[in-house]
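Working notes, structure below.
Every number for a ligand or one of its atoms is a count from 1 in the order of the listing. The basis for the numbers below is simple: all heavy atoms, side chains too, and nothing from hydrogens, waters or symmetry mates.
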Amino acid sequence: MTGGADLNIEIPMKILSDEKGYLDRQCPNENCLFEFKISMQDWEDKVSDEEVHCPLCGQIAPSDSWYTYEQLDAMQEIATNWARNYMLGEIDKMFGSLARSTRNNKYIKITYKRNRPVTFVNNPIGAKEEWNLDITCEKCGTRYSVIGSAYFCPCCGYNSASNVFDNSMNTITKMVQSLDEMKASLTEQFDMDTAETMCRSMLENSFGQVVSAFQKFAQCRFKELSGVEKRVNDFQMVDRGSKYFFDETGSSYETFLSSDEINRMKLYFQRRHIIEHNTGIVDQQYIDKSSDTDYSVGQRIVVKIDEALDLIKIIKKLSSWLLTLT
Ligand SMILES: [Zn+2]
Ligand SMILES: [Zn+2]
């Protein structure tokens with residue numbers, strides 16, 4: 001009977017952390033392949049073998065599927081070296097014993113001389129340089145690090161509404177603040193008209209981005225406080241959102257913002273609405289709802305950088321107050 005003999009080989013490999021003690025990981029989802037870092041200690045102590053969550057796309061996969069391409073390449077190289085070393089060793093043994101067994105044979109003479117000793121060097125697999133943005137999960141305490149932003153904790157999958165909100169607000173703020181620079185470089189790359197149109201559109205979109213980030217944040221915050229899940233769009237109406245929080249906690253938006261700030265917030269929310277739903281062209285409904293005296297029906301809303309920054313300031317102020325509610 002000849003059966004295939006399984007050769008079960010285990011090659012010890014060591015993957016190193018970076019200077020901060022973080023381990024490189026990569027999402028196995030082909031559409032994502034997001035790279036992140038996680039504290040080596042938390043990876044060993046906290047993360048389960050069955051379920052690891054991708055911080056960006058939320059994919060769940062067993063813990064042995066998160067090697068980065070670099071780590072897989074390095075492991076492949078180690079395995080190849082090991083195999084080459086193993087084969088040379090076997091050849092050595094084979095010809096060595098053949099040479100020995102034929103030593104006294106007068107018809108056949110086999111001599112075998114090793115060319116050079118092969119040594120198997122198993123270097124630890126290194127890590128990429130450490131990154132700046134460190135996150136600690138509010139729920140399970142797992143420490144991880146990403147470039148850009150993250151939505152899920154790799155250990156427990158917790159989606160931190162306030163983290164996501166902070167990240168979006170910072171990104172939008174930087175985008176709005178750098179619009180003049182962007183316009184200059186876009187003018188060089190394209191032309192003045194294209195640059196102007198692109199920057200105007202980014203500025204107009206910033207209203208929508210701020211409002212939708214706030215709506216999502218307010219919805220999550222309200223759910224944390226009341227256990228009730230309202231529709232995201234309920235927080236598009238300033239008065240309605242404010243009333244929800246008032247009924248639940250006794251504090252409304254008016255508790256934290258001046259009436260002037262509330263009025264500007266309402267105006268900006270209405271402008272966002274007309275930008276998104278009527279390409280910015282003022283209609284009677286807008287005039288009725290916003291009491292905006294700067295525009296008449298048929299005109300187009302013009303968004304200014306100062307207004308976008310003012311909206312961001314009001315929203316940041318309100319949201320940090322909402323976080324203090326209990
Ligand atoms: Zn992913
Ligand atoms: Zn967590």
Looking at D24 and K128, does any basic side-chain N land under 4.0 Å from a carboxylate oxygen? no
C153 backbone or side-chain N/O/S under 2.8 Å from the Zn ion (ligand 2): yes
Just checking, K216 and F165: is the charged tip under 6.0 Å from the six-membered ring centre and within 45° of the axis? no
Angle subtended at the Zn ion (ligand 2) by SG of C140 and SG of C156, to 10 degrees? 110°
Just to confirm my numbers, could you give the angle made at the Zn ion (ligand 1) by SG of C57 and SG of C32, rounded to 10°? 110°
The SG(C27)-the Zn ion (ligand 1)-SG(C54) angle, to 10°, is 100°
Would R25 count as a cation-pi partner of Y67, with NZ or CZ less than 6.0 Å from the six-membered ring centre and within 45° of the ring normal? yes
Are Q41 and S39 close enough that a side-chain donor and a side-chain acceptor fall under 3.5 Å? no
